[in-house]
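In what follows, every chain begins at residue 1, and chains take the letters A, B, ... in the order their sequences are listed. Small disclaimer: the values here were computed from a predicted structure and weren't measured.
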Number of protein chains: 2
Amino acid sequence: MPDAIPAVRSQRLGKDILDEVPAYDLIELFFFAYRDFVSDPDRILDEYGFGRAHHRVLHFVDRQPGLTIAELLDILRITKQSLNRVLKELIEKDFVESRMGTADRRQRLLYVTAQGHDLALKLAKLQTRRIMQALADLEPEGKALISGYLLRLIDPDDRDHVERLVFGAGET
Amino acid sequence: MPDAIPAVRSQRLGKDILDEVPAYDLIELFFFAYRDFVSDPDRILDEYGFGRAHHRVLHFVDRQPGLTIAELLDILRITKQSLNRVLKELIEKDFVESRMGTADRRQRLLYVTAQGHDLALKLAKLQTRRIMQALADLEPEGKALISGYLLRLIDPDDRDHVERLVFGAGET
DNA sequence: TGAGATATGTCAACAAGGCTGACTTAAAAA
DNA sequence: TTTTTAAGTCAGCCTTGTTGACATATCTCA
C-alpha cells in the first residue's frame with residue numbers, strides 16, 4: 001500500500017510540500033545572507049554619521065535623479081515624517097539636493113550632489129562585490145537566474161512596478 | 001582598434017566588472033524581496049502583540065530545542081539585554097520556556113511550548129509558501145541552487161557555522 | 001577548599017528609525 | 001473661487017537595537 005502508484009504519490013507530495021514542510025533552510029539562509037549583505041555599508045555610513053535609512057534614500061535618489069518625494073515614499077513605504085528626518089540630514093550635509101519641480105512647482109525633485117554620488121557608488125560597489133562573488137560558477141546564466149528568483153519573491157502586485165524601477169531606471 | 005581581440009577584452013571586462021559596474025538590479029531586488037519576505041509574518045505577529053524580534057527568537061528556539069542563551073545570542077548577534085527583553089515576553093506569554101541546564105546548571109535551555117511551536121510553524125509555512133512558489137520552474141535543482149547562492153553571500157568566516165546550523169539542526 | 005572565570009539576569013539611559021495625528025503652506029485643478 | 005494635492009513640520013509614542021554597571025549562581029582550576 002505505501003509503495004503503490006509512486007508517480008502520482010510524489011506528484012501529490014510535490015504540491016502538498018508547499019503547505020506541509022517548511023523550507024527552514026531557505027528561510028534561515030535568507031536571513032543570514034541579507035544580514036551580511038546590508039551590513040557591508042554600515043562601517044562606511046558610520047563615518048559620515050549616517051545609518052541604513054540614509055543609505056536607502058541616497059541609493060534611490062542616486063539611481064533616479066529627479067525623483068519626487070511622493071515617488072520615494074512609494075518605493076520605501078515609510079511615512080513622510082520618517083523620510084523627512086533622514087532626508088533633511090542628507091540635504092544639510094550636502095549629499096542630496098532638492099529642487100522645485102518645473103512642471104508642478106509643488107513638487108520637490110531630488111538629486112544627489114557630487115559628494116552624494118560618490119558615497120552611493122562606493123556603497124553600491126561594496127555590495128556588488130559580495131553579490132557577484134557569490135555567483136561564482138553560476139555564470140553566465142546565474143545573474144538572470146538569481147534576479148528572476150528574487151523578482152518572483154516580490155508581491156505579484158508590486159512586481160511590475162519594481163521591474164520597471166529596477167530594469168528601466170535609465171528611461172524617462 | 002575597439003573591435004580588436006574581443007575575447008581577451010570581454011575576459012578583462014568580466015573581471016573588472018566586479019569592481020566597476022554596480023549590480024544595481026540585484027541590490028534592489030534583494031531589498032524588495034527581503035522586505036516582502038519578512039512582512040508576511042507581521043500581520044499574524046501583531047495579533048499576539050509580538051514583533052520581528054520575537055519572531056526570530058521563537059524561530060530559532062523552535063528549530064533547536066535546548067538552545068542556550070549564549071548560543072542564541074551568537075545566532076542573532078544582539079546584546080543579551082536586547083534578547084532578554086523579547087525573551088521575557090515570550091516566556092511570560094507562554095510561548096517559550098526556560099529550563100535549568102543539567103550538565104551546567106548556570107545555563108538556561110530554551111524550549112518552545114506547544115503554543116509556541118504552533119505559532120512558529122504557522123509563520124514558517126507562510127514564508128515557505130512564498131519561497132517555494134518563487135522557485136517555479138527552477139525545479140528540481142532550483143532549491144539547491146538558490147540555497148547555494150545564499151550561503152555564498154554569507155561571510156566566509158560564518159559560513160561553516162551557518163551551514164551546520166541550517167542543515168544539521170536535527171543532529172546532536 | 002578558595003579564587004577566579006563563566007552564564008545569566010537586571011537596571012538605567014540612550015539612539016535609530018519606524019509610527020500616528022494634527023496642522024500649515026503653496027500651488028494646481030476643478 | 002473653492003477644493004484638492006504635494007510637501008513640510010510639530011509633538012509624542014513604540015520597537016529594537018546600543019552601552020555601562022552590577023548581582024547571583026555555578027563551574028573550574030590551582
Side-chain angles (χ1 to χ4, degrees), chain A residues 31 34-35 38-39 41-61 66-93 96-111, chain B residues 31 34-35 38-39 41-61 66-93 96-111:
Chain A
F31 167 71
Y34 190 76
R35 176 172 63 185
V38 294
S39 75
D42 284 355
R43 286 167 282 272
I44 293 170
L45 288 164
D46 245 29
E47 295 168 19
Y48 295 85
F50 293 145
R52 289 175 188 179
H54 301 86
H55 183 195
R56 290 193 286 271
V57 170
L58 184 66
H59 173 94
F60 286 109
V61 173
L67 206 61
T68 65
I69 300 289
E71 287 165 342
L72 191 47
L73 287 175
D74 193 49
I75 290 170
L76 299 176
R77 287 206 210 144
I78 57 177
T79 59
K80 66 178 171 182
Q81 295 91 328
S82 293
L83 172 58
N84 221 265
R85 188 161 38 203
V86 296
L87 186 54
K88 207 190 281 179
E89 289 168 0
L90 284 167
I91 291 173
E92 274 166 10
K93 292 188 181 173
V96 168
E97 67 179 56
S98 162
R99 302 180 201 154
M100 184 180 284
T102 47
D104 184 336
R105 303 198 305 168
R106 288 171 305 179
Q107 294 182 325
R108 296 293 174 268
L109 309 185
L110 302 172
Y111 297 88
Chain B
F31 166 71
Y34 190 76
R35 177 174 63 184
V38 294
S39 75
D42 284 355
R43 286 166 283 272
I44 293 170
L45 288 162
D46 243 31
E47 296 167 18
Y48 294 85
F50 292 144
R52 288 176 188 180
H54 301 87
H55 184 196
R56 290 193 285 270
V57 171
L58 184 65
H59 174 94
F60 286 108
V61 173
L67 206 61
T68 67
I69 300 290
E71 288 166 341
L72 191 48
L73 287 175
D74 193 49
I75 289 170
L76 300 176
R77 287 207 210 141
I78 56 177
T79 59
K80 65 178 172 181
Q81 295 90 328
S82 292
L83 172 58
N84 220 264
R85 189 160 37 202
V86 296
L87 185 55
K88 207 190 284 180
E89 289 168 358
L90 284 167
I91 291 173
E92 275 166 8
K93 292 189 182 174
V96 168
E97 67 179 56
S98 161
R99 303 180 200 154
M100 184 180 283
T102 47
D104 185 337
R105 303 198 306 168
R106 289 172 304 180
Q107 294 184 326
R108 296 293 173 266
L109 309 184
L110 302 172
Y111 297 88

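Counting distance only, with no hydrogens placed and no angle test, the side-chain atoms of A:Arg85 and the base atoms of C:dG18 include a donor-acceptor pair under 3.5 Å.
If you measure from atom CD1 of B:Ile78 to atom P of C:dG9, you get 13 Å, rounded to the nearest angstrom. Atom CG in A:Leu90 sits about 14 Å away from atom C1' in C:dG17, given to the nearest Å. Atoms NZ (B:Lys88) and P (D:dT15) sit 15 Å apart, rounded to a whole Å. Regarding B:Arg35, its CZ atom lies at a distance of 17 Å from the P atom of C:dG17, rounded to whole Å.
In this model, the phosphate group of C:dA16 is not approached by any side-chain N or O of A:His54 to a distance below 4.0 Å at OP1 or OP2. Residue A:Ser82 places no side-chain N or O under 4.0 Å from the OP1 or OP2 atom of C:dG17.
Position along DNA chain C of the nearest nucleotide to B:Ala70 versus A:Ala53 favours B:Ala70 as the more 5'-ward residue.
Listed nucleotides: D:dG17, D:dT9, C:dC19. Nearest to the side chain of A:Asn84: D:dT9. Closest contact between the side chain of A:Thr79 and the listed nucleotides D:dT16, D:dG17, C:dT20 involves C:dT20. When distances run from any side-chain atom of B:Val86 to the nucleotides D:dA6, D:dT16, C:dG18, the shortest one goes to D:dT16.
Listed for the B:Lys80 side chain is no donor-acceptor partner under 3.5 Å among the backbone atoms of B:Ala70.
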Annotated protein contacts, base or backbone, on nucleotides 20-30 of chain D with a non-hydrogen cut-off under 4.0 Å, one of B, S, - each: BB---BBS---
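Residues that satisfy the side-chain hydrogen bond (donor to acceptor under 3.5 Å, both in side chains) test with B:Ser39, not counting sequence neighbours, are absent from this structure. A:His55 meets the side-chain hydrogen bond (donor to acceptor under 3.5 Å, both in side chains) test with no other residue; sequence neighbours excluded.
A:Arg52 comes within 4.0 angstrom of sugar-phosphate atoms only, judged by non-hydrogen atoms across all strands, and of no base.
Annotation: cation-pi geometry not satisfied between A:Arg56 and B:Phe31 (NZ/CZ under 6.0 angstrom from ring centroid, within 45° of ring axis).
In this structure, B:Ile91 and B:Ser98 approach most closely via the heavy-atom pair CD1-CB, 3.9 Å.
Proximity of B:Asn84 to B:Thr79: side-chain heavy atoms (C-beta onward) are nowhere separated by under 4.5 Å.
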